[in-house]
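A quick write-up on the structure given underneath.
This structure is a prediction, so every number in the text was calculated from the model and none was measured. Residue numbers start from 1 in every chain, and the chains themselves are labelled A, B, ... in the order their sequence lines are given, proteins ahead of strands.
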Amino acid sequence: MQNPEIKTTCSYCGVGCGIIVTKDSKNGVTVRGDENHPVNRGMLCSKGMNLHYVANDTSDRILYPEMRWSKSHPMERVSWDAAMDRAAAVFSSIIKKYGPDSVGFYVSGQCLTEEYYLVNKLVKGFLKTNNIDTNSRLCMSSAVVGYKKTFGEDSVPIAYDDIELADTFLITGANPAWCHPILFRRLEQHREKNPKVKVIVIDPRRTDTAATADLHLQIIPGSDIILYHALAKCIIERGYSDSDFVKKNTENYLAYKELVLSTSLEKASKLCGISVSDIKLAADLIGKAEGFLSLWAMGLNQSAIGVDKNTALLNISLLTGHVGKPGSGPFSLTGQPNAMGGREVGGMANLLAVHKDLGNPIHRQEVADFWGVDAISPNPGLTATEMFDALESGKMKAIWVICTNPLVSLPDSRRVEKALAKAKFVVVQEISHNADTAKHADLLLPAAGWLEKEGTMTNSERRISYLPKGINPPGEALSDVEILIRFAKKMNFTGFNFNTTEEVYKEYCQMTKNTSIDISFLNYTRLKNEGTFQWPVPDYGHPGTPRLFTDKKFYTPSQKAIFNLPTAIENTSEQPTDQYPFILTTGRVRDQWHTMTKTGKVSRLMTHSPSPLL
Amino acid sequence: MTDSIKETVVFLPMHWGKQLENDLNRTNNLTNTVVDPVSKEPDFKFTTVSVTKYSKPFQKIAIVGAGAAAFRFIQNYREINTTDEIIVFSNEINPFYNRVLLPEYVTAELSWDKLLKIKDDALGKLNITMKSGVGIDSINTNAKTLVASDGSQHNFDNLILATGSRPFIPENAQLHLPGRFTIRKKEDADRLKNYLDNTGLSPQEQHVVIVGGGLLGLELAAALKHKKVKITIIQRASRLMERQLDRVSSKLLAEEVQLRDIQIYFDNEVSTVFETDNTNELEIALKSGRILTANAIVYTIGTIPNIEIAKEAGISCGRGVKVNQYLQSSNPDVFAIGEIAEFNNHLFGITSAAEEQADILANYLGGDISSYYKGSVLMNILKLEDINLCSIGQIEIPENDDSYEEIIFADLKQRYYKKCIVKDDLLIGAILMGDKNEFAEFKSMIESKIELSDKRNSLLRGSSNAKPVLGKLVCSCSQVGSGNIEEAIKSGTANFTELCKSTGAGLGCGSCKIEVKEILSKCK
């Protein structure tokens, strides 16, 4: 490599910090924060600054393809050619015998955009099933639906620079101090310089985030919507709502107003476990805000009423008119580096690429035409949990898992384990032997990891960055793009004649033309030379778009944002009983990420919280 | 009770998957399968649960052996569980003493009291049945019974073998004849002591030949030399402590030893030992032809694990009893700890390893599967007056492998020598000679396998934040005084293990742990 310094992006959370990688003479690498990167300005969190240990330690890596002829046979090393022959033969015969919906792909928000795009094209366009879902389902699918219902499309309107422009923050169901540390550092620095900045945190736990808040509302889990309605009631009654915006740019306000005004503050106080005065105080803070940002994550999304929680929170931004202007807006935090990229290419079972809808026959045909296939199946695909249900019931026979560890991350793990054991054929495309799921593979494919392949990712503020390949993958590991192309060719599918990852990206960029996520004027050359871009980038030389909806025109048919009413106000999960009196809530610790197949290798990161705890 | 979480709400992090095929630590075993009807996103944040403390059914635990491993197990286990029955068999009359200090006992520098790990009244509180002087003849793993050397039969639910090892003795050593000794047990020490006393010679007139230049041999040599006894060491290898030290430190050590007027014969072995016409006098012929006249000969040339009863019971053995990460043998009800435990083809014949194993086993039998054994870092500290020397972990690097880095500080004239071995940004080994200031720090860096990062460039560059010894010296390995320990307690360290870690006391040979505990309980 001529240039020993490589600019890339961190592979952990959705913040997307810029990293500069330096290679040493022994092919090892070191990392430091990129001082000139607009996201982190040189800062890195504990996970990011130890990323080089993960890259340099290849002791846990899967080095060559392995497979077994049946469940009773041992795993044995095979060539890539034999592995892909086997995959194609088994998938073909299962599809022939049981139909296309008997197979499924379970992928990941860590996949790069090109991989995500390609696997969706492969499955939805050519395998003719929509059974492709991602671990993002566990993470932000509720936020996707919330945005779509409110703004017409899945569009995060804000830019991180709004953090320095806002004066009031509502952090709800998130612990960015631990889980999105660099954004939180920026918030902290902003507060230091501007003492009048207020932070409200809603969380049943007194997290590090909550501990630093001006106001911590320690809520009873599941009662979020009631609280948001109570806040909205106070905002309306005290005259804080932006009636001009509401009138000109929103729909369905009257129904919403009627609903929230019917909320009893005393009742809400009791159901949420928060005093009436605290509710009023929070409403005052929000009402008086000049720039109001709402930040949320899994606390809202991972819920039986996750969509309703999302729309209820979004409604507060609509009510106060804090959308589409600097320092204001709803800001969903993503936990994975490319959850956003996955959303753009239609990574989930109910989506199609470029924000098109699987349920819409016109959209299906447009996508089919672009890919040069007759049709896309109208059957909605199975979602993450449904896929494992289907494996257990025998409806689905084969699953291909890419870059995720469902055996630890999905709910009711023992059932997932049973489902995997029951599957006729399990393909696991992974980097690490430490992933519990790899042990269930009938075919194990070694994938390249961070810094070992090129591609693009999108962070939580729609910022697209290019990640170059800096080092060679260990053993025979291949990039996910290469693996998918090889499989497609073995299946004799047309439309996979890509020589490079860049060609995959070009095809995808072309597809975005004239959509609201248009990046048809973006390419690898611009990303390499000019750095990162926030989509859309719809014109030659376009600098990218920091903020959406600045013209107050939304992507709904009426171009107005919509006040959605919840289908359920109270939580629909099973309520505590005498036998099970406690509510278990789950989450992460500071220095670990997901199922620890990467962070678990770094001892420095194991010392903060070395063992499981209650 | 805490206000860091809403009342009736509990929180579990979700990162951990299976550990050693066991999924009890996996949070998502519990979460329900409810999903949002539209987004289909699962509800990880709301599952109703109940929380109860695990209570373990009553068991009878039989322990064979009463050395460091057994003692540590019993102590720790009783902190977790006070109801299980524990019966201990020891073929020694004197259980639970500190073998490492036997050389100082021989020379009467230390009284027997000082070697005891536990006083009688404290032993009583542990609520165990102690069978002293009773060994084990056989084990029936199917019936879960054992037969003791006094003919009695005992049943057990769990059996812990902590039988330790015995000295290796050359075939021609003829220990039954007068003047020939080994040092393993109190009786051995007593025999040697009485023998030397009965010679009627003053210490200066006595001459003891020690066969084997390892830790025990050198410590015995130093202890006897302290009394002015004339000492000769016969070493088969070309240098001292050849497995624990590299060439340079070994050479420096030999210089130090010779400076103390101890004669060392390298590359040499004993061929024959004769009694002469003079009482209490031996003539020792070496393979090189040299003949030495001495009063006693002591063999300290290594040990052999006592695994015979395990073998006879059909338990899988290599050089030791093979165990898994929970110290479990091939029979799930039989466990092995200490010098006999063979983990991943390694035997760890050091006290700190035995105690580490005992801790893990106590947790496991107490019902906690989350800690498991990963092997121990080998470490050796030579306890010689005014010689500071220790080695930790790997001490030499393979040739032609540039992934290893050596950092060496050497002042050979002053016999100062320090070396660190780094691989993949981890400290994997160190030798400290001259002073042991960095011992505690390096030991914890090696054991925890924490990436060095910035510390890499300050290794051995004098930036060590070692504190001077305050008050009476308690731990000689790490150079920690009673004042240092009291200071740490005052600043809020109330947990014993934490206290050891923060002060460095007790991390080496472990002999001072009782004293540290006493200081802790006094300060409380």
Given heavy-atom pairs under 4.5 angstrom as the criterion, report whether the side chain, backbone, both or neither of A:Val144 touches chain B. neither
Which atoms of A:Thr385 are under 4.5 Å from chain B, going by heavy atoms: the side chain, the backbone, both sets, or neither? side chain
If you draw a 6.0 Å radius around NZ in A:Lys270, do more than 12 non-hydrogen atoms from other residues or ligands fall strictly inside? no
What's the shortest heavy-atom distance between [X] and [Y], and which atoms?
X: A:Asp308; Y: B:Asp36; answer: N-OD2, 4.5 Å
X: B:Glu41; Y: A:Leu138; answer: OE2-O, 3.2 Å
X: B:Pro37; Y: A:Ala304; answer: CD-O, 3.3 Å

Looking at [options], which one has more heavy-atom pairs under 4.5 Å with chain B than the rest?
options: A:Gly173, A:Ala384, A:Ser141; value: A:Ser141
options: A:Met348, A:Met140, A:His216, A:His52; value: A:Met140
options: A:Asn350, A:Ile219, A:Asp203; value: A:Ile219

